[in-house]
Amino acid sequence: MLQQRMPPGWSVEREAQGRATAPQQSDDVVFRFSSRDGKVAGALVEEELRLTPREAEQMGGGLTRRFRDALPDKAVIVVSPYLSPRTREALLANQFGYVDLTGNVHVVLRNPAVYLHTEGAQRQPFGATKSRAAQVGGAKVGRLIRVLAEFDPPFGVVDLEEAAGLSRGYVSRLLDRFLDEGLIQREPRGPVTSVDWTALLLERSQSVRLVDPAKAKSYLSPNGPRAAFERLRQSPAAGSVVVTGSFGAVRKAPVAAPALLTLYVDPDDESAGPLVVDAMGLLPADEGADVMLIEPDDEALLEGTWSEDGMRFVNFPQLAVDCLSGTGRMPAEGAALLDWMSANPAEWRLGPLAALDRAPS
């Protein structure tokens with residue numbers, strides 16, 4: 001993979017054991033980079049079957065430290081089947097190069113001068129080695145993520161168990177995963193002390209999708225989604241839905257006129273869907289839809305709504321995830337919404353966890 005990315009006349013090869021000029025053990029690998037004019041540089045290669053962001057942040061001791069002390073100008077390259085974006089960021093922060101088998105490459109050498117940087121997969125490929133801890137795509141995971149995003153730490157496992165309505169063991173496994181991924185900081189066997197809620201929502205958006213064909217029904221509004229929204233807002237059916245996606249994001253972080261109206265419909269109210277469709281004058285559409293009615297995976301997703309102009313909008317963490325995992329320009333709208341949320345925490349965050357009973361319904 002490296003050879004394919006080198007300029008013509010350059011080569012990369014594994015150095016034969018016994019020829020390295022740095023402290024080594026028999027199972028360590030050094031790559032030799034040779035330029036067209038005969039200059040050669042070596043780089044220590046460390047293989048990791050799986051590397052979390054937290055582990056990447058902790059690298060640098062042992063053999064790596066001895067190598068860097070002996071040859072400070074030499075590079076250290078981490079090789080793995082797949083390295084997540086956050087893991088790559090942690091490696092770069094600690095001045096490591098990296099190569100993963102999906103094509104994510106960053107290698108910098110001083111003499112001869114080499115700079116290689118290419119982008120590969122941004123999501124973990126199917127079949128790649130995964131953590132034993134829970135993933136972030138399940139329906140119930142969203143409950144914990146919302147609590148972590150909306151409330152101020154510190155909070156312990158028992159606090160989060162009660163707030164999210166999840167089992168203690170499940171919360172503990174999720175926190176272990178978030179800690180490994182560098183999404184939270186936690187005292188040993190103690191409470192969560194800080195949360196990178198922006199990164200947490202971005203991570204969540206990588207594992208879910210707003211429009212699941214099994215949970216969504218698509219429609220066309222004869223006069224466009226804006227007209228449909230206005231008709232719904234002025235009808236009794238407005239109380240049967242919760243707005244998400246573009247029509248929610250544009251209220252706080254406008255990017256462009258929203259092109260798709262997405263509405264959550266209470267799955268326990270069988271009459272809600274037909275009532276909403278009739279109120280907006282919608283036509284079923286397999287293609288070119290501009291209105292989507294979505295059945296939520298978890299009813300808790302519809303809690304913590306906020307209201308404006310007589311309409312209910314989904315809670316801000318879920319709104320950001322929905323936009324980021326949506327189609328068209330929705331990810332850009334989600335990014336703009338995250339910027340607004342970062343700049344205006346007082347308008348959506350709820351303070352200490354003890355304030356949970358103040359959350360809007």
Side-chain angles (χ1 to χ4, degrees), residues 53 57 84-90 92-93 104 119 122-123 136-137 141-153 178 181-185 192-211 225-226 229 242-264 292 294 301-309 311-353 355 358-360:
E57 292 172 354
S84 72
R86 291 183 59 80
T87 300
R88 300 197 299 270
E89 290 175 5
L92 289 178
N104 291 302
E119 297 286 336
Q122 301 304 301
R123 299 191 185 194
V136 297
V141 184
R143 298 186 193 180
L144 180 61
I145 289 177
R146 180 191 164 199
V147 174
L148 291 171
E150 285 188 324
F151 294 93
D152 296 332
F178 297 161
E181 296 296 333
L183 300 169
I184 64 172
Q185 297 297 321
V192 173
T193 56
S194 68
V195 177
D196 188 343
W197 61 264
T198 301
L200 186 60
L201 297 180
L202 286 167
E203 184 81 4
R204 169 75 169 169
S205 71
Q206 293 290 305
S207 302
V208 298
R209 55 179 175 172
L210 172 60
V211 180
R226 170 59 66 182
F229 180 82
V242 174
V243 183
T244 190
S246 301
F247 275 76
V250 74
R251 297 267 166 163
K252 303 299 181 182
V255 172
L260 178 66
L261 174 58
T262 48
L263 306 168
Y264 283 118
M292 303 291 296
I294 303 173
L301 182 151
L302 302 182
E303 298 174 354
T305 59
W306 51 281
S307 298
E308 193 170 300
D309 291 338
M311 295 294 294
R312 290 188 301 154
F313 296 83
V314 75
N315 63 78
F316 283 102
Q318 186 64 44
L319 178 60
V321 169
D322 285 346
C323 289
L324 291 165
S325 61
T327 59
R329 58 171 174 255
M330 290 182 71
E333 295 167 338
L337 180 63
L338 283 182
D339 290 341
W340 177 88
M341 293 167 68
S342 296
N344 300 275
E347 294 199 33
W348 66 276
R349 303 197 78 229
L350 303 176
L353 193 53
R358 293 191 286 105

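Note: hydrogens, waters and symmetry copies are ignored here, and every other heavy atom, side chains too, is used.
- Distance alone, capped at 3.5 Å, is enough to place a donor-acceptor pair between the Trp306 side chain and the Val314 backbone.
- Between Arg86 and Asp196, the closest side-chain pair of non-hydrogen atoms falls below 4.5 Å.
- Taken to the nearest 0.5 Å, the OG1 atom of Thr327 stands 11.5 Å off from the CZ atom of Arg209.
- Taking the ring axis of Trp348 as reference, the NZ or CZ atom of Lys252 does not stay both within 45° of it and closer than 6.0 Å to the ring centre.
- Within the model, atoms CD1 of Ile294 and OH of Tyr264 stand 5.5 Å from one another, a figure rounded to the nearest 0.5 Å.
- Here CG of Leu337 is found 5.0 Å from CG of Leu319. Values are rounded to the nearest 0.5 Å.
- Proximity of Leu338 to Leu202: side-chain heavy atoms (C-beta onward) are separated by under 4.5 Å at one or more points.
- Side-chain atoms of Thr193 come within 3.5 Å of backbone atoms of Gln185 as a donor-acceptor pair (strictly under, hydrogens ignored).
- Contact check for Phe247 versus Pro225: side-chain heavy atoms found under the 4.5 Å cut-off.
- Side-chain contact check for Val243 versus Arg251: every heavy-atom pair is 4.5 Å or farther apart.
- Using a 4.5 Å heavy-atom threshold, the side chains of Leu210 and Thr244 count as touching.
- Contacts of Asp152 classified as salt bridge (Lys or Arg N to Asp or Glu O under 4.0 Å), with partners at least two apart in sequence or in another chain: Arg349.
- Among all heavy-atom pairs drawn from Ser84 and Glu181, the shortest one is OG-OE1, 4.2 Å.
- Nearest heavy atoms, Asn315 versus Gly304: CB-O, 3.3 Å.
- When all heavy atoms of Glu333 and Ala256 are compared, the closest pair comes out as OE2-O, 4.4 Å.
- For the atom pair CZ (Arg329) and CG (Leu260), the distance works out to 10.0 Å, reported to the nearest 0.5 Å.
- Across all their heavy atoms, Val255 and Ala336 have their closest contact at CG2-CB, 3.6 Å.
- By the 4.5 Å heavy-atom criterion applied to side chains, Pro317 and Glu150 are counted as neighbours.
- Contact detail for Gly248 and Phe313: the closest heavy-atom pair is CA-CD2, 3.7 Å.
- Counting heavy atoms from C-beta outward, Glu119 and Asn104 have side chains that approach closer than 4.5 Å.
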Carefully, step by step, assess Leu148 and Phe178 under the rule side-chain contact (heavy atoms from CB on, under 4.5 Å). CA-CA 11 Å; Leu148 291 171; Phe178 297 161; 3.7 Å; yes
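- Nearest heavy-atom pair across Leu261 and Leu263 is CD1-CD2, 3.7 Å.
- Note that CZ of Arg146 is 6.5 Å distant from CZ of Phe151, once rounded to the nearest 0.5 Å.
- Distance check, rounded to the nearest 0.5 Å: CG of Asp322 to CZ of Arg204 gives 9.5 Å.
- Side-chain contact between Trp340 and Pro254: absent, with no pair of heavy atoms (C-beta onward) separated by less than 4.5 Å.
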